[in-house]
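Structure first, then comments.
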Amino acid sequence: MSANLLSSENSIPWIRIVLGLIVACVLPFFISNYHVFQASMVLSYAIALVGMNILIGYSGQISLGHGAFLAIGAYTSAILMDKMNIPYWMTIPIAAFICLVVGFLFGLPALRLEGHYLALATFALAVALPQLLKFKHLEFLTGGVQGIVIMKPDPPWESLFGLKLNSDRWLYFLTLAVTLVMFVIGWNLIRGRVGRALIAIRDQPIAAASMGINTPMYKSLAFGVSAMFTGVAGALSAILVAFVAPDSFTVFLSITLLVGMVIGGVSSLTGALYGAIFIQFIPNIADQISKAAPWAIYGTMLILFMYTMPAGIAGAIRLLGEKLRIARS
Amino acid sequence: METFIHQVVAGIATGGVYASLALALVMIYQSTHHINFAQGEIAMFATYMAWTLINAGVPYWLAFICTVLLSFSLGVLIQRIIIRPVENAPVLNIVVVFIGLLVILNSIAGWIFTYTIKAFPSPFPKEPPFGLYFISSHELGSICVTMMLLLLLYSFFKFTPLGLAMRAAAQNPDSSRLVGIRVGWMLALGWGLAAAIGSVAGMMIAPVVFLEPNMMSGILLYAFAAALVGGIDSPGGAVLGGFIVGILENILGAYVIGTELKLSVALVLIIVVLTIKPAGLFGKVIVSRV
Amino acid sequence: MKKRQFTLTALCISLIGFALPAAAQKKYDPGASDTEIKIGQTMPYSGPASAYGVIGKVQAAYFKQLNEQGGVNGRKINFLTLDDGYSPPKTVEMIRRLVEQDEVLLTMGTLGTPSNTAIHKYMNNKKVPHIFLATGASKWNDPQNNPWTIGFNPNYHSEGKLYAQHILATKPNAKIAVLFQNDDYGKDYFTGFKDGLGAKAASMIVSQASYEVTDPTIDSQIVSLKGSGADTFFNITTPKFAAQAIRKVAEVGWKPTHYLNQVSASVGSVLKPAGLDISVGLISMQYIKEGADSRWDNDPTMKDFKALIKKYAPEVSQDDGNATYGYAVAQLMVHVLRQAGDNLTRENVMKQVTSIKDFQVPMALPGVLASSSPTDFALFQTMQLVKFDGKNWIEFGKPVAVK
């Protein structure tokens with residue numbers, strides 16, 4: 001399922017989606033709790049990557065600072081749960097709204113910058129945010145350098161259809177549900193007027209403007225929406241990890257998100273899922289391969305992926321599918 | 001008052017550090033139109049090579065020259081082997097390759113040399129210049145070295161046919177090929193020169209901040225900001241940008257906002273500058289015909 | 001016939017009689033068996049704190065050598081140490097893997113205050129011994145609420161108090177400047193320092209400055225601190241920045257009474273790069289022996305240590321303070337495991353860890369004893385002030401018990 005509007009095949013592969021959903025729902029009962037936790041983290045990263053895709057893939061801008069929105073979403077959730085006793089599931093839409101607004105407001109001035117300059121501005125955001133989180137005058141809210149410890153929520157029911165539910169499984173299903181909702185929102189946005197406007201702005205900015213598309217407004221909107229997605233991912237990750245601290249949101253996180261998006265496949269919704277799997281599991285695999293220099297292995301894999309799959313994993317799969325189709329015909 | 005002057009001078013000294021790395025960034029940009037995120041790590045790696053040579057007993061200036069030459073070759077090799085396959089790929093793919101390179105170099109340096117800090121010698125005397133306490137001889141010396149590099153770079157691009165060929169290759173590769181410029185080798189040369197400049201920057205920086213694999217990560221952001229503030233295609237702008245960033249950071253931290261937020265505020269100010277002058281203070285504004 | 005049956009039965013019963021208590025004595029929780037003890041750890045082998053990775057490397061080498069010599073009570077130590085890059089979410093993931101997938105008996109020496117905060121509740125909920133944390137934060141000494149967590153490092157808060165009390169005693173009119181790293185560790189020290197000064201804190205501290213781990217230099221901060229006219233300097237920095245600070249202080253011609261936090265008091269990894277000659281007069285606290293200290297050249301444990309890293313971890317420097325620290329932790333761990341004997345349940349491990357009676361860890365300074373009790377989890381209560389003479393840290397005054 002690729003939201004590539006230029007392809008002739010615009011039908012939704014219902015069978016694949018339903019199959020995928022069935023596997024996803026059954027999975028947590030067959031794997032250990034630790035793996036369920038990892039799967040939930042993958043899903044939350046996927047949401048963040050969809051957000052980045054909307055900004056970078058569809059509207060052609062760059063962001064090296066989306067880790068900041070992960071932080072804002074996560075801290076919003078944590079503060080609401082810790083200081084105002086708001087139930088965890090309610091914090092997710094609130095975090096989404098706040099990030100939408102912050103992203104939009106950041107986008108308004110920042111989008112006067114192009115290319116490298118926008119990259120620097122977003123990079124600056126990623127660097128500045130941990131400092132702000134540690135700022136002593138905000139400590140009463142953010143917990144300062146100590147961060148905020150959250151209670152891991154218990155499942156509301158003991159079991160589902162006779163299968164035992166525990167905290168990890170329940171959170172997995174919650175994350176899965178939120179992921180589906182966000183993917184549907186993303187899909188609709190991209191296919192609709194907003195998506196077309198964004199693509200027009202990306203490919204032919206001057207033509208788009210002369211056709212009456214309010215370029216700055218759409219660009220800021222894209223930034224806001226992308227921040228919203230990432231904020232939701234942040235809120236989910238805060239609940240899953242049950243802890244937020246400034247050290248969790250370094251610049252390297254922002255870079256990892258960018259890497260995940262490119263490796264997964266720019267301009268592709270399923271790419272977000274592949275990218276999320278990559279950034280979650282490849283560092284662990286690299287660690288197994290070489291204890292001495294695991295990040296060298298990771299870096300090498302990044303480069304090899306870019307050589308062999310320039311359109312990302314999603315692009316490579318699409319290419320493979322087309323080749324098979326041609327071979328069959 | 002004395003402290004204020006001291007802060008400004010200290011800012012110029014730190015700014016010199018940013019300026020030297022910013023020069024390498026500009027060099028790469030002028031020859032390839034890419035911003036190389038791995039520039040800092042290449043410089044760091046080169047400095048380790050120098051350290052190995054010096055530890056093996058090689059006298060400082062000989063090690064210096066060897067390192068510059070070695071880095072040049074390393075830069076060329078990296079361009080030819082690693083970057084060439086993705087030369088025509090979308091910008092983001094190239095960025096990911098840079099990130100991969102950054103991570104590889106950092107990891108290998110950590111593996112070979114460990115993460116414990118090492119002292120790196122300075123070629124300049126230990127006593128402060130003219131008995132002043134505002135600046136150390138090394139800091140003054142490295143600023144001079146940076147200025148010399150700047151001069152060399154400027155003359156190279158402006159006055160030599162090779163420099164002209166490189167600029168042409170970056171700006172318009174197709175037309176350049178038509179007039180007989182070996183574009184591929186121009187790019188490799190650009191990388192080599194940038195790596196060489198980076199190695200000098202590293203050897204000037206290491207005595208101040210101590211040599212360790214993560215030495216350049218903090219500096220890279222400031223160098224990036226400096227290069228952009230000055231104008232990414234202007235070497236002079238990059239150096240000036242470095243000094244501006246250094247002084248700004250120090251003054252903000254000491255007098256305006258306190259050390260806890262100075263990084264954020266410095267960056268915000270830079271972005272404000274960029275919104276007013278999007279091509280940087282000395283960059284050329286590109287106007288394109290529709 | 002009956003007689004034979006009788007003797008046979010008696011033989012069986014007596015055999016069972018011997019076997020039963022032996023079987024009853026051998027108690028295992030997940031991670032322990034007849035042949036091995038699994039110990040888990042997360043350590044920043046990459047990322048901003050990677051200089052501390054040396055600790056895990058030395059400990060791995062120590063256990064490797066121990067296994068070759070027969071292990072502990074006949075069991076090999078299976079030391080699983082994973083990289084968490086100093087990122088709390090990664091720590092959570094790795095610890096969950098160690099506890100739930102690898103099923104370790106306990107974790108030892110997990111490093112970093114934020115990293116340990118992230119797993120603090122988890123470890124206590126799961127009732128897995130979370131011991132000898134490589135951080136000096138005060139919150140690990142909490143037997144009431146977190147009985148499964150016990151730290152190792154002397155408390156940062158108490159160390160700050162130690163220096164404050166020393167200043168009050170020797171220089172009550174001092175004008176103090178403080179440089180601190182803007183994170184948990186830095187603030188912990190600073191708070192302890194202020195608490196130690198008590199009511200006089202506000203008047204005595206004339207200037208303070210912080211820095212981030214991502215800052216390239218701290219020159220600007222030193223310039224500000226000097227400009228305040230302070231004559232005493234409390235330097236709360238990690239090794240790289242400590243070296244920078246020591247050098248810059250000398251460069252700007254400032255000669256304060258200079259207190260340096262123990263975290264960066266390594267001759268080999270901090271003072272040597274900074275310059276031994278300009279480090280003369282530094283005051284700090286020590287509790288572990290250092291490889292660069294010539295006093296221990298003939299000390300048996302130091303000789304063992306140097307031989308160990310030569311053979312198993314040649315890339316580690318003998319002078320690295322982190323290396324001897326890691327060695328000391330491993331020594332105490334083995335001592336505790338030996339005490340546990342064949343009762344390798346998590347509960348018994350905790351029991352042994354919280355009832356250490358004045359144990360002289362061979363790698364610790366002579367006289368600095370480790371003690372713990374079920375109501376007090378602070379292992380090293382007494383602290384020794386030391387001053388640098390250009391070659392070594394020299395003790396002065398008596399060890400002080402700082403609460």
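Atoms considered below: every heavy atom in the structure, side chains included; atoms not considered: hydrogens, waters and symmetry mates. Sequence lines set the chain letters: A, B, ... in the order given, protein chains first and strands last, and positions in each chain run from 1.
- The contact between C:Glu212 and chain B is made entirely by side chain atoms (from C-beta outward), counting heavy-atom distances below 4.5 Å.
- Only the side chain of B:Ala10 comes within contact range of chain C, with heavy atoms under 4.5 Å apart.
- Side-chain atoms of C:Thr238 and C:Gln181 form a donor-acceptor pair, as typed in the model, at a separation below 3.5 Å.
- With a 4.5 angstrom heavy-atom cutoff, B:Glu212 touches chain C only via side-chain atoms.
- At least one side-chain heavy atom of B:Glu139 sits under 4.5 Å from a side-chain heavy atom of C:Asp219.
- No hydrogens or angles considered: nothing links the side chains of C:Asp83 and C:Thr42 as a donor-acceptor pair under 3.5 Å.
- Note: B:Val209 leads B:Asn214, B:Val209, B:Ile251, B:Leu221 in heavy-atom pairs under 4.5 Å with chain C.
- C:Ile176 places none of its side-chain heavy atoms less than 4.5 Å from the side chain of C:Phe233.
- Residues of residues 107-121 of chain B that come closer than 4.5 Å to chain C, counting heavy atoms only, are B:Thr114, B:Tyr115, B:Thr116, B:Ile117, B:Ala119, ordered by residue number.
- Between C:Leu179 and C:Thr237, the closest side-chain pair of non-hydrogen atoms falls below 4.5 Å.
- Looking at C:Tyr327 and C:Ile55, their side chains never come closer than 4.5 Å, going by heavy atoms from C-beta outward.
- Using a 4.5 Å heavy-atom cutoff, the side chains of C:Lys289 and C:Thr324 are not in contact.
- The ring pair (Phe, Tyr, Trp, His ring centres under 6.0 Å) search around C:Tyr156 returns C:Tyr185, C:Tyr189, not counting sequence neighbours.
- Within a 6.0 Å sphere centred on NZ of C:Lys306, other residues, nucleotides and ligands contribute more than 12 heavy atoms.
- Between C:Val58 and C:Tyr312, the closest side-chain pair of non-hydrogen atoms is not below 4.5 Å.
- Panel note: side chain B:His138, backbone B:Met204; a donor-acceptor pair is recorded below 3.5 Å.
- C:Val252 touches chain B through backbone and side chain together, each having a heavy atom under 4.5 Å away.
- Listed by sequence position, B:Thr14, B:Tyr18 are the residues of residues 11-22 of chain B in contact with chain C, using a 4.5 angstrom heavy-atom cutoff.
- With hydrogens and angles ignored, the 3.5 Å screen pairs a side-chain donor or acceptor of C:Asp231 with a backbone N or O of C:Lys175.
- In terms of heavy-atom pairs under 4.5 angstrom with chain B, the leader among C:Ala274, C:Ser210, C:Ala51 is C:Ser210.
- Side chains of C:Asp84 and C:Thr91: a donor-acceptor N/O pair is present below 3.5 angstrom, by distance only.
- Heavy-atom distances place the side chain of C:Gln221, and not its backbone, under 4.5 Å from chain B.
- Residues C:Glu290 and C:Lys272 are not paired through a salt bridge, judged by the lack of any N-O separation under 4.0 Å between the basic side chain and the carboxylate.
- Between the side chains of C:Asp319 and C:Ser317, no donor-acceptor pair is found at a separation under 3.5 Å.
- Heavy atoms closer than 4.5 Å to chain B are found in the backbone of C:Tyr45, but not in its side chain.
- Residues C:Ile205 and C:Phe234 form no side-chain contact, since every pair of their non-hydrogen atoms from C-beta on lies 4.5 Å or further apart.
- Two residues are said to be in side-chain contact when any heavy atoms from C-beta on lie closer than 4.5 Å; B:Ser71 and B:Phe45 fail this criterion.
- Contact residues of residues 253-266 of chain C toward chain B are C:Gly253 (heavy-atom distance under 4.5 Å).
- Interface check for chain B: of the options C:Gly227, C:Gly47, C:Pro216, the most heavy-atom pairs under 4.5 Å are formed by C:Pro216.
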